[in-house]
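A short worksheet on the structure shown next.
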There are 2 protein chains.
Amino acid sequence: MAEHPDIDILARSELFRGVPLDALREVQAVAFRKRFAAGDTVLRQDDTAAILYVVVVGRLRATQTGLDGQQIIIRYLGPGEVAGYTPLSGGDVHPGTVVAVDDSHLIGMPSAALREIMARHASIAINAASLLGARYRDLQVRLRELATEKVDRRIAHTLLRLAQQAGRRTARGIEIVFPLSRQDLAEMCGTTLHTVSRTLSGWEARGIVDSGRRRVVIAKPDALNDVAEEGQGGTG
Amino acid sequence: MAEHPDIDILARSELFRGVPLDALREVQAVAFRKRFAAGDTVLRQDDTAAILYVVVVGRLRATQTGLDGQQIIIRYLGPGEVAGYTPLSGGDVHPGTVVAVDDSHLIGMPSAALREIMARHASIAINAASLLGARYRDLQVRLRELATEKVDRRIAHTLLRLAQQAGRRTARGIEIVFPLSRQDLAEMCGTTLHTVSRTLSGWEARGIVDSGRRRVVIAKPDALNDVAEEGQGGTG
DNA sequence: CGGACTTTTGAAGTAATTCAAGGGGAGTGG
DNA sequence: CCACTCCCCTTGAATTACTTCAAAAGTCCG
């Protein structure tokens with residue numbers, strides 16, 4: 001009589017939280033596990049969105065690339081989150097690419113089957129709307145920041161968001177738990193790795209952050225918050 | 001036996017398209033009409049999201065303002081679109097402000113009632129996910145443009161999008177059907193009204209656009225497209 | 001210990017902002 | 001109908017934040 005262990009995991013994910021058990025069983029019946037190593041591509045921009053994934057463990061990066069090859073990072077995805085949301089919103093091709101930045105375990109399911117189940121279980125569709133709304137709101141804020149703030153504030157905001165989303169308290173401060181290069185940060189803030197490097201160097205000197213090769217620790221979150229809200233003022 | 005006329009309008013809106021008639025009747029039963037004059041505020045950032053609106057006629061502008069008063073335009077809304085999507089995604093306060101830019105008729109409905117109906121009719125929730133997904137994809141593209149492209153290309157892309165969304169074919173070219181100032185365009189592109197003015201002046205000289213006080217006509221969409229895709233090259 | 005990748009820092013260049021002033025249109029009120 | 005006023009738009013000049021170009025140093029992995 002024991003349920004499939006994935007049922008439990010799905011029940012805690014953003015897409016299936018609060019969804020009735022019978023619906024979860026239907027989902028589980030069409031779902032499968034898949035592993036990706038750090039660096040593997042999970043899904044590719046402009047490909048048909050045939051599969052939707054739920055992250056079990058690991059960390060993924062969602063990017064979008066323009067015609068001339070310029071890239072930005074849309075967001076990072078962690079456990080419980082959806083990778084490849086397209087089928088939830090009736091789209092047919094992926095608007096971006098998703099790559100694993102750490103070894104990851106995902107639960108996959110065919111788009112068509114999911115949509116069919118969703119049509120019979122409003123709670124899944126409501127969760128989908130909820131998750132997409134949250135991402136939309138998030139991008140609204142980032143768009144405003146990008147349009148109106150100077151780089152150092154944008155970098156500060158970005159780090160604070162990452163800390164909230166994927167930060168681990170340590171003796172040295174809040175550590176971003178996945179590898180994050182200067183280039184990555186630049187692609188999240190709409191700047192260059194050079195500017196990010198210079199900015200972090202400045203904060204390093206003031207003891208606000210403590211960063212190394214693809215690692216960032218926020219030593220003084222409050223000071224970083226000051227930068228985010230008032231520009232580089234308030235050195236103290 | 002004749003249905004309420006709003007049923008028909010709702011049935012053609014992005015949120016209620018394809019929704020069964022009994023669900024539409026439930027929606028109509030809690031809905032009401034409301035008019036706004038150009039300049040009126042429909043809903044305010046940080047207010048509780050008590051009402052969701054569907055646009056019947058007119059045009060609205062959705063903006064977001066930061067702590068230091070800096071503002072960007074998230075999007076314009078026209079007939080059939082949702083204003084105040086927050087209740088669809090389980091949020092409680094509006095992430096932005098919506099203002100009428102032309103005299104507008106809206107259909108309003110209480111958030112709580114809508115959510116209750118949505119929980120029983122998956123097709124509404126699916127439409128909600130679909131609409132939010134579309135907006136999210138749109139912002140992803142704009143974020144990338146803002147992060148990676150120079151101003152003239154961004155302005156070109158913005159005008160082309162507006163033309164597609166709210167353009168009317170005329171003898172002089174494609175006219176944006178609602179009042180749109182240099183400042184508005186600047187707030188959509190992440191630049192200043194000065195830069196927009198200079199850029200439009202340049203295009204005016206090349207016969208690409210024909211603009212005046214809060215009016216823009218795209219005389220040569222193909223030429224504008226060239227600017228959007230290749231920078232200011234390809235004068236011809 | 002070689003080699004690839006990441007980071008740092010300096011110097012030059014520039015796109016776009018900011019500062020500043022003036023001009024034009026539309027609507028209003030006398 | 002004309003003049004006044006309020007917006008909105010334009011354009012020049014100065015400034016600057018950031019990029020681009022360039023080179024070197026550090027760090028991890030096999």
Side-chain angles (χ1 to χ4, degrees), chain A residues 37-39 61 68-73 99 101-103 145-156 158-159 176 178-206 209-217 227 231-233, chain B residues 37-39 61 68-73 101-102 145-156 158-159 176 178-206 209-217 227 231-233:
Chain A
R61 171 173 55 215
D68 43 347
Q70 302 206 80
Q71 194 180 75
I72 64 155
I73 296 177
V99 173
V101 296
D102 268 335
D103 294 349
E145 287 177 6
L146 189 51
T148 66
E149 297 182 349
K150 298 221 190 295
V151 261
D152 56 343
R153 292 182 71 174
R154 299 207 303 267
I155 298 170
T158 299
L159 284 178
I176 310 296
F178 57 87
L180 181 74
S181 71
R182 305 291 181 268
Q183 176 69 37
D184 293 335
L185 226 24
E187 287 179 15
M188 300 188 80
C189 301
T191 183
T192 63
L193 75 161
H194 308 280
T195 299
V196 171
S197 180
R198 280 182 245 269
T199 304
L200 289 192
S201 293
W203 292 343
E204 199 107 21
R206 288 163 61 187
V209 301
D210 178 5
S211 67
R213 189 190 175 85
R214 308 227 285 162
R215 289 286 157 192
V216 181
V217 177
V227 176
Q232 70 284 75
Chain B
R61 172 174 55 218
D68 42 348
Q70 301 206 80
Q71 195 179 73
I72 64 155
I73 295 177
V101 295
D102 268 335
E145 287 178 5
L146 189 51
T148 65
E149 297 182 350
K150 299 223 190 293
V151 261
D152 55 344
R153 292 182 71 174
R154 299 207 303 268
I155 297 171
T158 299
L159 283 178
I176 310 296
F178 57 85
L180 182 73
S181 70
R182 304 291 181 269
Q183 176 69 38
D184 294 334
L185 228 22
E187 287 179 16
M188 299 189 81
C189 302
T191 181
T192 64
L193 75 160
H194 308 280
T195 299
V196 172
S197 179
R198 278 183 246 268
T199 304
L200 289 191
S201 294
W203 291 344
E204 198 107 20
R206 288 163 62 186
V209 301
D210 178 5
S211 68
R213 190 189 174 85
R214 308 227 286 162
R215 289 288 156 190
V216 181
V217 177
V227 176
Q232 70 285 78

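From a predicted model like this one, the values you see are computed outputs, not experimental measurements. Quick note on labels: first sequence line is chain A, next is B, and so on, each numbered from 1. What's counted below: heavy atoms across the whole structure, side chains too, no hydrogens, waters or symmetry copies.
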Intermediate values then yes/no, side-chain contact (heavy atoms from CB on, under 4.5 Å), B/E204 and B/D210: CA-CA 6 Å; B/E204 198 107 20; B/D210 178 5; 3.6 Å; yes
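The side chain of B/R198 sits closest to D/dG12 out of D/dC9, D/dG12, D/dT20.
As a whole-Å value, the separation of B/E204 CD from D/dT10 C1' is 11 Å. To the nearest angstrom, C1' of D/dT16 lies 8 Å from NZ of A/K150. If you measure from atom CZ of A/R215 to atom C1' of D/dC28, you get 13 Å, rounded to the nearest angstrom. When the P atom of D/dT11 is taken as reference, atom CG of B/L200 falls 11 Å away, rounded to whole Å. Rounded to whole Å, the distance from CG on B/D184 to P on D/dC7 is 15 Å.
If you run side chain to side chain contact (heavy atoms under 4.5 Å, CB included) between B/E187 and each of B/R182, B/Q71, B/Q70, only B/Q71 comes through.
The minimum heavy-atom distance between B/T192 and B/A186, with the atom names listed, is C-CB, 3.4 Å.
One N or O on the side chain of A/D103 and one on the backbone of A/A38 form a donor-acceptor pair closer than 3.5 Å. Between the side chain of B/R154 and the backbone N or O of B/E149, at least one donor-acceptor pair lies under 3.5 Å. No side-chain donor-acceptor contact under 3.5 Å links A/S197 to the backbone of A/L193.
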What pairs of nitrogen or oxygen atoms, one from the protein and one from nucleotides 3-5 of chain D, lie under 3.5 Å apart?
none

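Residue A/S197 is in base contact, counting any heavy-atom pair closer than 4.0 Å across all strands shown. Contacts of A/R214 with the nucleic acid, taken as non-hydrogen atoms under 4.0 Å apart, involve only primed sugar atoms and P, OP1 or OP2. Contact annotation for A/R182: backbone-only contact, meaning every heavy-atom pair under 4.0 Å involves sugar-phosphate atoms and none involves a base.
We find the CD-NZ distance between B/E145 and B/K150 to be 14.5 Å, quoted to the nearest 0.5 Å. Atom CD of B/Q183 and atom OG1 of B/T191 lie 10.0 Å apart (nearest 0.5 Å). In this structure, A/R153 CZ and A/T148 OG1 are separated by 7.5 Å, a value rounded to the nearest 0.5 Å. Atom CG in A/L159 sits 5.0 Å away from atom CG in A/L185 (nearest 0.5 Å). Here the straight-line distance linking atom CD1 of B/I72 with atom CG of B/D184 works out to 13.0 Å at 0.5 Å rounding.
Counting distance only, with no hydrogens placed and no angle test, the side-chain atoms of B/R213 and the base atoms of D/dC7 include a donor-acceptor pair under 3.5 Å.
Within residues 186-196 of chain B, the residues that place at least one heavy atom under 4.0 Å from DNA chain D are, in residue-number order, B/H194.
Taking every nucleotide of DNA chain C with any atom under 4.0 Å from a non-hydrogen atom of chain A, the first and last of them, 5' to 3', are C/dC5 to C/dA11.
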